[in-house]
There are 2 protein chains.
Amino acid sequence: MDVGKVIDTALKLIDDVGVQALTLRMLADALGSGTATLYRHFAGKDELLAHVVDRILGGVRLTPEAVKGLTWREAVTVGAEALYETLRRHPNALPLLVSQVPVGPNGLVNRERAIGLLLGFGFPIDLAARAFTAIGHYVVGFAIQQHGPGAAQTDDQPQLRDYYRSLDPATYPATTAAA
Amino acid sequence: MDVGKVIDTALKLIDDVGVQALTLRMLADALGSGTATLYRHFAGKDELLAHVVDRILGGVRLTPEAVKGLTWREAVTVGAEALYETLRRHPNALPLLVSQVPVGPNGLVNRERAIGLLLGFGFPIDLAARAFTAIGHYVVGFAIQQHGPGAAQTDDQPQLRDYYRSLDPATYPATTAAA
DNA sequence: ACCTGAACACCGTTCAAGT
DNA sequence: ACCTGAACACCGTTCAAGT
């Protein structure tokens, strides 16, 4: 049993049941082994989840050719959209992205490409690094807002809307009107 | 023992040991009672944490007078800064803000004030609601990036910097140069 | 009526024992 | 050498029993 199979299975389970509900026993069962076996590949649950995050970031497809001949604003937009498209495929895993700084190989490759890209546009290096971090956080935040396990499924939005609408309009006029 | 005391103690413990480490037993001990007693006030841990979030949001100080005579851009900036100043006082509680939609009374008051403010500047109501959500997520994301329990204390930043610097410059030239 | 000790089912993690 | 059943200390939650 290789490490990749473990990570893939973990990601699949997270997509299905949510990151909160993922259990090492559940993962071991899905792999046909016991929990103790997992510790032969990972130091603990946190390390496993870090690998899952890097696995997700490996799905970001952004070739250098795709940004050829673009202005820096266009290139940043293309990059942000590539990240967003990857994140939206794993809404249940989004909480992992905000609680971790991605230090895995795939995360580093993305960081390298993005910062290199900005340098190519003449950005000073410290600004490039800061901009990368800020944009990354913004995209993750936006993805969580759009998808993301606020409560449950896609019916979460209407639920919340109904809740706002049920408030006293005298106390919360703007909120109820907006709902 | 009133509910407010429980929430205050929970927030204090979170500030001290982090949201991950907070335990109902720990909280009960700090209050001089048992875990079962907590369930007389809250349906479960999630509900308690929702109250903690609302307690934090109650600390946002933004009087209508503070935004008198400002342009909408200035007013939004003042509001965002008021939220940021509150959040930075509770770095260990920040993960709660991203995993919850704040539906407590204080959160709703903030929402009401902010949306009402934007309406006063002539914003269409659906745009005002969307802008409020987007800005809220952006501020939370920024606060997590600046403070926030990525790994540990304030020495996390230097640690990460050292890690980036330790990478192979041949493979990651831009990342190592930026560090 | 209000509180709570003690139990329940579960978790992540470890380790001695198996092959 | 590699794997793992069974245990460990702990968690959130419940409930019968106390006052």
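So that the names make sense, note that chain A is the first sequence line, chain B the second, and so on, each numbered from 1.
- Under 4.0 angstrom from either OP1 or OP2 of C:dT4 there lies at least one side-chain N or O belonging to B:Thr37.
- B:Arg111 forms a cation-pi arrangement with A:Tyr164, by the criterion of a distance under 6.0 Å to the ring centre and an angle within 45° of the ring axis.
- Under the Watson-Crick and G-U wobble criteria, each requiring two contacts below 3.5 Å, nucleotide C:dC8 is paired to D:dG12.
- Straight-line distance from the CD atom of B:Gln20 to the P atom of D:dC10: 17 Å, rounded to whole Å.
- Listed nucleotides C:dC2, D:dT13, D:dC3 differ in distance to B:Lys45; the shortest reach to its side chain belongs to D:dT13.
- The separation between A:Leu38 atom CG and D:dC3 atom P is 11 Å, rounded to whole Å.
- In this structure, A:Tyr138 places its OH atom where only 12 or fewer heavy-atom neighbours from other residues, nucleotides or ligands lie under 6.0 Å away.
- Here C:dC3 presents its C1' atom at 10 Å from NE2 of B:His41, a figure rounded to the nearest Å.
- The A:Ala36 side chain lies nearest to D:dG5 when the options are C:dT4, D:dA7, D:dG5.
- Rounded to an integer number of Å, the gap from CG of B:Asp46 to C1' of D:dC11 is 14 Å.
- Closest approach to the A:Arg40 side chain among D:dC2, D:dG12, C:dC11 is made by D:dC2 (side chain taken as heavy atoms from C-beta onward).
- A:Leu24 places its CG atom 20 Å from the P atom of D:dA7, with the value rounded to the nearest Å.
- Spacing between atom CG of B:Asp29 and atom P of D:dC10 amounts to 13 Å, rounded to whole angstrom units.
- Here D:dC11 presents its P atom at 15 Å from CG of B:Leu48, a figure rounded to the nearest Å.
- For B:Tyr39, whose side chain is taken as the heavy atoms from C-beta onward, the closest listed nucleotide among D:dT14, C:dC3, D:dC3 is D:dT14.
- Among the atoms of the strands shown, only primed sugar atoms or phosphate atoms (P, OP1, OP2) are found under 4.0 Å from some heavy atom of A:Leu22.
- In this structure, A:Phe142 and A:Tyr84 have tilted ring planes: the angle between them lies in the 30° to 60° band.
- Classification of A:Lys12 and A:Asp15 as a salt-bridged pair fails, no side-chain N sitting under 4.0 Å from a carboxylate O.
- For A:Thr35, counting side-chain heavy atoms from C-beta on, the closest listed nucleotide (D:dC15, D:dG12, D:dA6) is D:dA6.
- The pair B:Arg165-B:Asp162 meets the salt-bridge criterion, with a side-chain N (NZ, NE, NH1 or NH2) lying under 4.0 Å from an Asp/Glu carboxylate O.
- With a cut-off of 3.5 Å on both Watson-Crick or G-U wobble distances, the partner of D:dG18 is given as C:dC2.
- Going from atom CZ of B:Arg25 over to atom P of C:dT4 covers 15 Å, rounded to whole Å.
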